[in-house]
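Reminder, nothing fancy here: chain letters follow the sequence lines and each chain counts from 1.
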There are 2 protein chains.
Amino acid sequence: MKQPEDARMRLLHAGMEVFAEVGFHAATTREISRRAEVNLAAIHYYFADKAGLYRAVFALPFAEKSNVFAHVDIESVTLEQALSSFYQWMLPPVATAEEVMLQKFMQLHAREEADPSGILGDALSEHIKPNHEKLKQLLCRELGKIESDLAVEQLAFAIMGMGSAFVHGRRVVEVLSPELIHGKNAGELRLQRLVGYAKTLIDAERGQHE
Amino acid sequence: MKQPEDARMRLLHAGMEVFAEVGFHAATTREISRRAEVNLAAIHYYFADKAGLYRAVFALPFAEKSNVFAHVDIESVTLEQALSSFYQWMLPPVATAEEVMLQKFMQLHAREEADPSGILGDALSEHIKPNHEKLKQLLCRELGKIESDLAVEQLAFAIMGMGSAFVHGRRVVEVLSPELIHGKNAGELRLQRLVGYAKTLIDAERGQHE
DNA sequence: CACATTAAGTCAAACGACCGATTAAGTCAA
DNA sequence: TTGACTTAATCGGTCGTTTGACTTAATGTG
């Protein structure tokens, strides 16, 4: 008999892949159990139901581990360092097998953000909210504001939006400008440019309020 | 008996709504025919099958009508005017009933871009491509370049990404910063800021190459 | 003009396939 | 012996699609 945890972990990994690829509703328990090479009923044995598997996938400790921006102390880093961490959180690099799983995890999050399954409630906006609040905090520091206003709010989304072009719009980028994804040092160059753009927007906003 | 075209048009409109809300695969022919108040078999009578209805929805003449950026002559407008048209194309205003249908249409496109159904092939990247090429053309004009390079490519996606924060990320914006969507003159202010951000990025890029 | 025929449109019912979930039975290490 | 794990089979529900029957409008004919 195989390791008992083996089947459970294989279901979680297969679940992550299938849910990330097609979303909760289009994912089938048969496809997940096929990929995991585990009997269909095992999903119900370990997770009660399909929704339970979905929640368990989200509870995997990827978010914690990859959230480099969460671990940054806003008061003691440069703007560039903070922005770099922010975009590394949004767009983790992909090289090792674990990083591939991390990317699936982020893809799953992006999908749930853009098109909520209804299984998690608003828990996922809560996933973004801490880093979004922290980004606004950073912008307030840079702009000399006590608290955020609508300009800070929209600037925060503009900064996030530039990164999400490679999350939600990744397929379009791959079709229209594949070099941005697959070129030499593409990840590094992409990150540098994103950080540069964000700094430029922040500098311009600062200029308008001086 | 009702107007024969009535049932067909009602199926197209109901199809647009349901496909925009949940995507091709999660949409059911029963839900669509329910909303259209038409018999289920009528979908097959008019469109052959579910995929045929989906294609017919995409063939509705909304894209043509709303593509203000496509009608702009790059050689004879200011940068601000061009950018304004670009973001008006990405984020059409929503006031009349027709504009509500247009927004559903854009939402449907955004969904198909981010998560292709497989029904349309690459036809949808083709929908974006002309405006994306035109945006690059505009950037080349502004930056004094004969043709686009990777910097122009990524700048184009950054500009698109800031807008798509209100398309793919709209739910997140509504949760975290509802004033950006629902505040007084929110659409106008949003558009102005997006155009301002885009100009700032372009000016900065021009500065780096002078 | 009346009637027959045809075409277009609509409907309820049913089909085979697939879904998530359940169950009884079997295996095996502790 | 027992609890954990695994399995094949099965269930009721829903899916997209098909079909034969019915209704109504349009057309043809004497």
Side-chain angles (χ1 to χ4, degrees), chain A residues 1-60 108 111-112 115-121, chain B residues 1-60 108 111-112 115-121:
Chain A
M1 183 193 288
K2 293 173 175 175
Q3 275 282 353
E5 279 301 292
D6 199 23
R8 186 176 186 280
M9 286 308 304
R10 295 215 312 281
L11 282 171
L12 284 168
H13 279 222
M16 163 108 82
E17 287 191 356
V18 178
F19 288 137
E21 285 165 21
V22 298
F24 176 81
H25 295 291
T28 70
T29 49
R30 281 166 171 77
E31 176 61 20
I32 293 170
S33 64
R34 240 189 317 272
R35 290 204 201 181
E37 294 180 348
V38 166
N39 190 271
L40 192 50
I43 290 179
H44 297 273
Y45 180 77
Y46 289 109
F47 304 104
D49 56 14
K50 185 183 174 186
L53 172 58
Y54 194 64
R55 293 189 191 96
V57 165
F58 273 89
L60 288 169
L108 181 56
R111 178 183 277 285
E112 179 71 26
D115 187 22
S117 62
I119 303 300
L120 303 176
Chain B
M1 185 194 283
K2 293 172 176 175
Q3 276 283 354
E5 276 303 292
D6 200 23
R8 187 177 186 279
M9 286 308 302
R10 296 215 310 281
L11 282 170
L12 283 168
H13 279 222
M16 164 107 83
E17 286 189 359
V18 178
F19 287 136
E21 283 166 22
V22 299
F24 177 80
H25 296 290
T28 69
T29 49
R30 281 168 172 76
E31 175 62 18
I32 293 169
S33 63
R34 242 188 316 273
R35 290 205 200 180
E37 293 180 349
V38 166
N39 190 268
L40 193 51
I43 291 179
H44 298 272
Y45 180 78
Y46 288 108
F47 303 103
D49 56 14
K50 185 183 174 186
L53 172 58
Y54 194 64
R55 293 190 193 96
V57 166
F58 272 88
L60 289 170
L108 181 58
R111 179 182 278 285
E112 179 71 27
D115 187 20
S117 62
I119 303 301
L120 303 176

Restricting both atoms to N or O, compile the protein contacts to nucleotides 11-13 of chain C shorter than 3.5 Å, with distance only.
residue	atom	partner	partner atom	Å
C:dC11	OP2	B:Asn39	N	2.9
C:dA12	OP2	B:Asn39	ND2	3.3
C:dA12	N7	B:Asn39	ND2	3.4

Seminar exercise, completed: Sequence neighbours excluded, the answer for side-chain contact (heavy atoms from CB on, under 4.5 Å) partners of A:Arg35 is A:Ala14, A:Glu17, A:Val18, A:Glu21, A:Glu31

Problem set entry | Sub-4.5 Å side-chain heavy-atom contact between A:Leu108 and A:Val57 | yes

Exercise. Can you check the B:Leu53 CG to D:dG16 C1' distance for me, whole Å?
Worked result: 12 Å

Exercise. Please, what dot-bracket string fits DNA chain C when only Watson-Crick and G-U pairs with both distances under 3.5 Å count, crossing ones use [ ] and pairs to another strand use |?
Worked result: ||||||||||||||||||||||||||||||

Exercise. How close or far is atom C1' of D:dG16 from atom CD1 of B:Ile43, stated in whole angstroms?
Worked result: 9 Å

Problem set entry | By side-chain contact (heavy atoms from CB on, under 4.5 Å) - contacts of B:His44 (at least two apart) | B:Asp49

Problem set entry | N-O pairing of A:Asp6 and A:Arg10 below 4.0 Å | yes

Exercise. Does anything in residues 18-28 of chain B reach DNA chain C, meaning a heavy atom under 4.0 Å, and if so which residues?
Worked result: none

For this session: Kindly point out which of C:dG20, C:dA14, D:dC5 is positioned nearest to the side chain of B:Arg30?
Result: C:dA14

Exercise. Taking only residues two or more places apart in sequence or in another chain, which ones pass side-chain contact (heavy atoms from CB on, under 4.5 Å) with B:Ile119?
Worked result: B:Phe24, B:Ala51, B:Tyr54, B:Arg55, B:Ser117

Problem set entry | A:Leu53 and A:Lys50, any side-chain heavy atoms less than 4.5 Å apart | no

Seminar exercise, completed: Note: A:Leu40 and A:Ser33 closest approach over all heavy atoms is CD1-OG, 3.7 Å

For this session: Mind calculating the distance between NE2 (B:His44) and C1' (C:dT10) to the nearest angstrom?
Result: 14 Å

Problem set entry | Between P of C:dT22 and NZ of A:Lys50, the distance in whole Å | 14 Å

Seminar exercise, completed: Rounded to whole Å, CG of B:Asp49 lies from P of D:dC15 at a distance of 17 Å

For this session: Round to the nearest Å and state the distance from A:Phe47 atom CZ to C:dT22 atom C1'.
Result: 18 Å

Exercise. Does B:Tyr46 have a side-chain nitrogen or oxygen under 4.0 Å from the phosphate oxygens OP1 or OP2 of C:dT10?
Worked result: yes

